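See below for the structure under consideration.
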Amino acid sequence: MKKRTMKMRVAALSLAVIMAATGCGAKKEEPVDVPKEEVAAEEQNKTVLFTDSCGREVELPAQIDRIVPMGPPAQMMLLAVAPEKMVGLTNELNEKEVAYLGEECAKLPEFGSFYGTGDLNKEALLAADPQVIIDMGEAKNGNKEDLDSLQEQLGIPTIFIEASLETTGEAFRTLGDILNKEEDAGKLGDYCDTKLDMIQTSMEKVPEEERVNYLYAGGDNGLWVISKGSFHAEVLDMLGNNVAVLEEPTRKGSGDEISGEQLLLWNPDVVIFAPNSIYETVKNDELWAQLGAIQNDRYYEVPSAPYNWMGMPPAINRFLGMQWVAKMLYPEVFDYEMYDVAKEYYNLFYHYDLGKEEFQKLTENAVK
């Protein structure tokens, strides 16, 4: 009798399980087949609210696959973290840039810049159908109003992400969040934070009185300088005594032109020449030959492929430039090998494997 009761209980339990699994005997509803196109469209229409560095709240697509930079700093950062999402460039790539950034980048259309050259081609930009326009770099007066106006004109979400030396790491992580590239952007952001911290910490070992008096010079005559305290001089001011002290410096990357008399008064111990300046002929120049820096062979030329290591534009390239200048000025404090530094950087930011011979050619006037 007990055996029969147990069998009935098992049977009843089995039936209960079956009924529960089938909705207690209710008619089973067939799953609705939603076309993949509708699912994709629904996902594409999802949006998120993003607060940019101007404090503007902008509605962005949750899935962003088509982006446009608003200026050179943004272009460099976007090419580093999400080149496959780019649908246009601020400026056409030159031969040196194509060699490192690749032919696919060179095929992208050029739209110009909103700031700087001020030649933004709005019609061409609209034709590329980007989902978002991104500006990055230095905070400027009137940013908020400029971006609001452009966004209203074009009907495309337009945002600004500040990227000074101190905030570039966080700027990369922000890009990672909005572009769904958290891992790649995180690596780039961590690199920037780590290298900046290393430089700043190591510079604490160099007493103020032992910091080098030096000058960054450019232009056909070498008399265009980057003034102390300007956004473009962030690296220069951090690594030594930038002798270019001007009362009202320009905000432009080209700097300010000074007189020969002023150059001789400053008399820097080291001179860093911009690309395409007078590095090659400076020893035979009547003015420049008077400087101890030239007489003592303590002058250098900035490597410039694919971009100037020291700026122009002042963007992620400076994280390589700061390591070069630090090693050049204080080799007893910074004991790394510049080839190793450059190889890592080119791999991370340009997705390029830099060979030893290429490095030597690139730095033939920069490493002595």
Side-chain angles (χ1 to χ4, degrees), residues 138 164-165 199-200 202-304 307-314 317-334 363-368:
E138 177 189 15
S164 65
L165 279 181
I199 294 289
Q200 291 176 328
S202 298
M203 282 303 298
E204 292 174 2
K205 303 173 186 177
V206 184
E208 286 293 332
E209 63 274 13
E210 294 180 15
R211 298 196 176 191
V212 175
N213 295 328
Y214 72 129
L215 181 71
Y216 184 96
D220 293 341
N221 57 7
L223 295 176
W224 288 81
V225 302
I226 302 299
S227 175
K228 185 173 184 176
S230 67
F231 182 78
H232 292 269
E234 281 188 302
V235 170
L236 297 171
D237 296 350
M238 178 175 62
L239 295 175
N241 179 25
N242 176 11
V243 299
V245 179
L246 301 173
E247 288 187 11
E248 296 181 4
T250 181
R251 296 172 66 90
K252 294 181 179 179
S254 57
D256 296 89
E257 188 173 19
I258 60 168
S259 66
E261 290 77 14
Q262 182 62 74
L263 175 67
L264 296 177
L265 283 172
W266 284 339
N267 192 25
D269 297 320
V270 171
V271 178
I272 299 174
F273 285 104
N276 305 314
S277 187
I278 59 170
Y279 175 87
E280 295 291 348
T281 60
V282 72
K283 271 190 177 296
N284 299 319
D285 185 275
E286 185 177 348
L287 171 66
W288 282 92
Q290 297 178 59
L291 295 184
I294 307 305
Q295 295 168 8
N296 299 324
D297 200 31
R298 297 202 68 191
Y299 64 101
Y300 307 83
E301 184 178 45
V302 183
S304 59
Y307 299 107
N308 179 328
W309 285 12
M310 293 298 292
M312 283 50 83
N317 39 345
R318 298 183 297 172
F319 287 86
L320 177 57
M322 72 171 68
Q323 295 176 79
W324 164 60
V325 173
K327 172 74 173 177
M328 177 243 291
L329 297 181
Y330 313 103
E332 68 284 356
V333 176
F334 299 92
T363 60
E364 60 184 347
N365 298 328
V367 177
K368 297 180 180 180

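Treat the numbers as computed from the prediction; the structure is a model and nothing was measured.
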Worksheet item: Going through the distances and angles, do Phe334 and Met203 end up as a side-chain contact (heavy atoms from CB on, under 4.5 Å)?
Response: CA-CA 9 Å; Phe334 299 92; Met203 282 303 298; 4.0 Å; yes
Worksheet, complete the sentence: Nearest heavy-atom approach of Leu223 to Gly260 is CD1-N, 4.2 Å
Table please: side-chain donor-acceptor pairs of residues 285-293 below 3.5 Å, with sequence neighbours left out.
residue	atom	partner	partner atom	Å
Asp285	OD1	Leu287	N	3.0
Asp285	OD1	Trp288	N	3.0
Trp288	NE1	Asn221	O	3.1
Gln290	NE2	Glu286	O	3.3

Worksheet item: Short question: side chain of Asn242, backbone of Asp237 - any donor-acceptor pair under 3.5 Å?
Response: no
Worksheet item: Quick one: are Val325 and Trp309 in side-chain contact, heavy atoms under 4.5 Å?
Response: no
Worksheet entry | Any residue meeting ring-ring contact (aromatic ring centres under 6.0 Å, His included) with Tyr299, in chain and number order, not counting sequence neighbours | Tyr279
Item to complete: State, with a plain yes or no, whether a side-chain heavy atom of Met322 is found less than 4.5 Å away from one of Glu234.
Response: no
Practice prompt. Could you note down all residue pairs passing salt bridge (charged side-chain N to carboxylate O under 4.0 Å, His left out) where residues 221-231 supplies at least one of them, sequence neighbours left out?
Written response: none
Worksheet item: If you round to the nearest 0.5 Å, how far is CG of Asn241 from CD of Glu209?
Response: 12.0 Å
Worksheet item: Looking only at atom types and distance, does a side-chain atom of Ser277 sit under 3.5 Å from a main-chain N or O of Gly219, one as donor and one as acceptor?
Response: yes
Fill in: Glu364: partners by side chain to side chain donor-acceptor pair (under 3.5 Å), with sequence neighbours left out
none
Please output the side-chain donor-acceptor pairs of residues 263-276 that fall under 3.5 Å, not counting sequence neighbours, one pair per line with the distance.
residue	atom	partner	partner atom	Å
Trp266	NE1	Val243	O	3.3

Item to complete: Could you tell me whether Glu247 atom CD has more than 12 heavy atoms of other residues or ligands within 6.0 Å of it?
Response: no
Worksheet item: Step by step, would you call Val235 with Phe319 a side-chain contact (heavy atoms from CB on, under 4.5 Å)?
Response: CA-CA 9 Å; Val235 170; Phe319 287 86; over 6 Å; no
Worksheet item: For the atom pair CZ (Arg318) and CE (Met312), what is the distance rounded to the nearest 0.5 Å?
Response: 9.5 Å
Discussion item. Would the distance check show the side chain of Ser259 and the main-chain N or O of Gln262 forming a donor-acceptor pair, the cut-off being under 3.5 Å?
Written reply: yes
Worksheet item: Should Tyr300 and Val367 count as side-chain neighbours, where that means a heavy-atom distance under 4.5 Å?
Response: no
Response to the item:
Nearest heavy-atom approach of Met238 to Leu165 is CE-CD1, 4.4 Å
Worksheet entry | Value rounded to 0.5 Å, distance of CG in Leu329 from CZ in Arg298 | 7.0 Å
Worksheet entry | Leu236 CG to Ser230 OG distance, which is reported to the nearest 0.5 Å | 8.0 Å
Worksheet item: Do the side chains of Glu138 and Pro314 get nearer than 4.5 Å, heavy atoms only?
Response: no
Fill in: Distance, nearest 0.5 Å, that separates CD of Glu257 from CG of Leu246
11.5 Å
Practice prompt. Output every pair passing side-chain hydrogen bond (donor to acceptor under 3.5 Å, both in side chains) with a member in residues 323-332, not counting sequence neighbours, ordered by first then second residue.
Written response: Tyr191-Gln323
Item to complete: Please indicate whether Asp297 has more than 12 foreign heavy atoms, meaning atoms of other residues, nucleotides or ligands, lying under 6.0 Å from its CG.
Response: yes
Worksheet item: At what distance, to the nearest 0.5 angstrom, does CG of Leu215 lie from CD1 of Ile226?
Response: 9.5 Å
